[in-house]
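Only one structure is covered here, and it is reproduced in the block below.
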2 protein chains.
Amino acid sequence: MVQMSSENAKQTLHAAGRKREILAAASRVFRRKGLHATGMRDIATELGMHVGNLYYYFRNKEELLAFCQEDALAGLRALVEAARTLDVGADQRLRYLIIGHIELLNEIMPGSLAHLEVEALSETWQPKIIKLRDDYEYAVRRIIVEGVETGVFRKVDPGTATLAILGALNWTVKWFRKDGEKTAAEIGSEFADLLVGGLTLSSESECQVH
Amino acid sequence: MVQMSSENAKQTLHAAGRKREILAAASRVFRRKGLHATGMRDIATELGMHVGNLYYYFRNKEELLAFCQEDALAGLRALVEAARTLDVGADQRLRYLIIGHIELLNEIMPGSLAHLEVEALSETWQPKIIKLRDDYEYAVRRIIVEGVETGVFRKVDPGTATLAILGALNWTVKWFRKDGEKTAAEIGSEFADLLVGGLTLSSESECQVH
DNA sequence: ATAGAATTTGAACAATGGTTCAAATGTCGT
DNA sequence: ACGACATTTGAACCATTGTTCAAATTCTAT
């Protein structure tokens, strides 16, 4: 209670590392078996530990889930931040984001698919996670708005476009396979061709409609 | 056991109607509370009946789920069939499909979001549902292939393009609201602008819209 | 009206899965 | 080596949930 300088810092560090291990393992099982099909016992087995021990690190299953989602969203947030600081046009910025998003979800942080299951959280965590998700969505939308304002993109509704793009990206976790014939970067590149291409007014006028 | 001409036909009809009611109610609750959060009791309550009664119509929860997914996929199948018989180019055909897909999932058969949860099914049903889903995917892909061959679309990988498009479409069930500011058709139209536009090698005219 | 079938009820069973906790074990500084 | 604290164990508890079934009720045809 008094000695909290170097000793407890070390412990906390160790515990924090262990927490990450657990989160990683949990994510792995989530991806393999599906979110609700995975029990606490499955996660424990994946780590070679006993069920009760998980509760030393997390209050309950929901907190475990929430941390998974928080992690994934933090990664996406960092990505979109990196995209915004690039010294390129909105189209290149969006392309960078698309590829990065797919890589992050499928290769770098596999299992972070948990972030699609916001409904699985109760009132305690949902607001916080939804806030993070909305922040990310908003950051993506700003890129599109920028593109429209600078005349790189057509005059689309940024909100709808954002949701269309993010839908395509998030859906990859449903079918992407590590041993598939294409890497995440390759898929990302093709997605970017399609989605950025759909936004770009390639030569001259197009799709004014309405 | 012998009298099965008109009497039993009537009964079967009634039972079949009841089955549909149950499926509709189940879909409704699935959409409201999430798939795994809904119990048999919730579905029964939604109908004002008792739990055990559900088992008079369905063997178990899984069969209920499987029928939901089968229904949704049958609707999509009919849609893509209609799209293929249209006497228009691949771009208009795809546009028609995109709008119809979003309308079907969000307005005509709300709750059919269950069709995104194939993992929730066991070995008994998964193969059958996956077959139907793959059939639909393949039909969509054929439209894209047609577009590429007729020179309406760029030379894209049809498989990847199909998954990108369907991902965007399916994801709508996560955010579409009936009381939102846009109808499903409007959203579909904007999606079509974006997605068909991304495929089209735009030289000049495009987007006839309906 | 009555038999026979279809449908609904009500309550219970069994298994799963999240959770708790006291005791055992390990770790680290002194 | 000792004591304090962190970590792990093992087993149990308890609520939820899918499921079953015999009895009660409703419906339909004769």
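Every chain is numbered from 1, with letters handed out A, B, ... down the list of sequences. Quick caveat: nothing in here was measured; it's all calculated off a predicted structure.
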**Message:** Using OP1 and OP2 only, check whether a side-chain N or O of A:Arg41 sits under 4.0 Å from C:dT16.
**Reply:** no
**Message:** Quick one about B:Asn106 and B:Thr172 (side-chain donor to acceptor, distance below 3.5 Å, no hydrogens or angles considered), yes or no?
**Reply:** yes
**Message:** Please report the distance, rounded to the nearest Å, between CG in B:Leu35 and C1' in D:dT17.
**Reply:** 14 Å
**Request:** To the nearest Å, give me how far apart CG (A:Leu64) and P (C:dG18) are.
**Result:** 10 Å
**Message:** Could you tell me how far apart A:Lys61 (NZ) and D:dT16 (P) are, to the nearest whole angstrom?
**Reply:** 16 Å
**From B:Ile165, B:Leu195, B:Ile99, residue fulfilling side chain to side chain contact (heavy atoms under 4.5 Å, CB included) relative to B:Leu94** = B:Ile165
**Prompt:** Just checking, is any N or O donor in the side chain of A:Thr124 or A:Glu62 under 3.5 Å from an acceptor N or O on the other one?
**Reply:** no
**Prompt:** Counting only heavy atoms not in A:Arg20, do more than 12 sit closer than 6.0 Å to its CZ atom?
**Reply:** no
**Complete:** Between CD of B:Glu63 and P of D:dT20 the distance, given in whole Å, is 11 Å
**Request:** Using atom CD of A:Glu21 as one end and atom C1' of D:dT8 as the other, report the distance to the nearest whole Å.
**Result:** 14 Å
**Message:** Rounded to whole Å, please give me the gap between NZ in A:Lys19 and P in D:dT7.
**Reply:** 11 Å
**Prompt:** Tell me: CD1 of B:Ile22 to P of C:dT7, nearest whole Å?
**Reply:** 11 Å
**Request:** Tell me what A:Phe58 touches on the nucleic acid: a base, only sugar-phosphate, or nothing, going by heavy atoms under 4.0 Å.
**Result:** nothing
**Item:** Proximal nucleotide (of D:dG18, D:dT7, C:dT8) relative to the A:Tyr57 side chain
**Value:** D:dT7
**Request:** Mind running a 4.0 Å heavy-atom check of residues 46-56 of chain A against DNA chain D and sending the residues that fall below it, in number order?
**Result:** A:Met49, A:His50, A:Gly52, A:Asn53, A:Tyr56
**Prompt:** Any side-chain N or O of A:Arg59 under 4.0 Å from OP1/OP2 of C:dT19?
**Reply:** no
**Prompt:** For B:Pro158, which of B:Leu199, B:Val145, B:Leu163 qualifies under side chain to side chain contact (heavy atoms under 4.5 Å, CB included)?
**Reply:** B:Val145
**Request:** Take atom CE of B:Met40 and atom P of C:dA11, then tell me their distance rounded to the nearest Å.
**Result:** 21 Å
**Asked** So, A:Gln126 side chain and A:Leu121 main chain: donor-acceptor pair closer than 3.5 Å or not?
**Response** yes
**Prompt:** Would a line drawn from the ring center of A:His101 to the ring center of A:Tyr136 be shorter than 6.0 Å?
**Reply:** yes
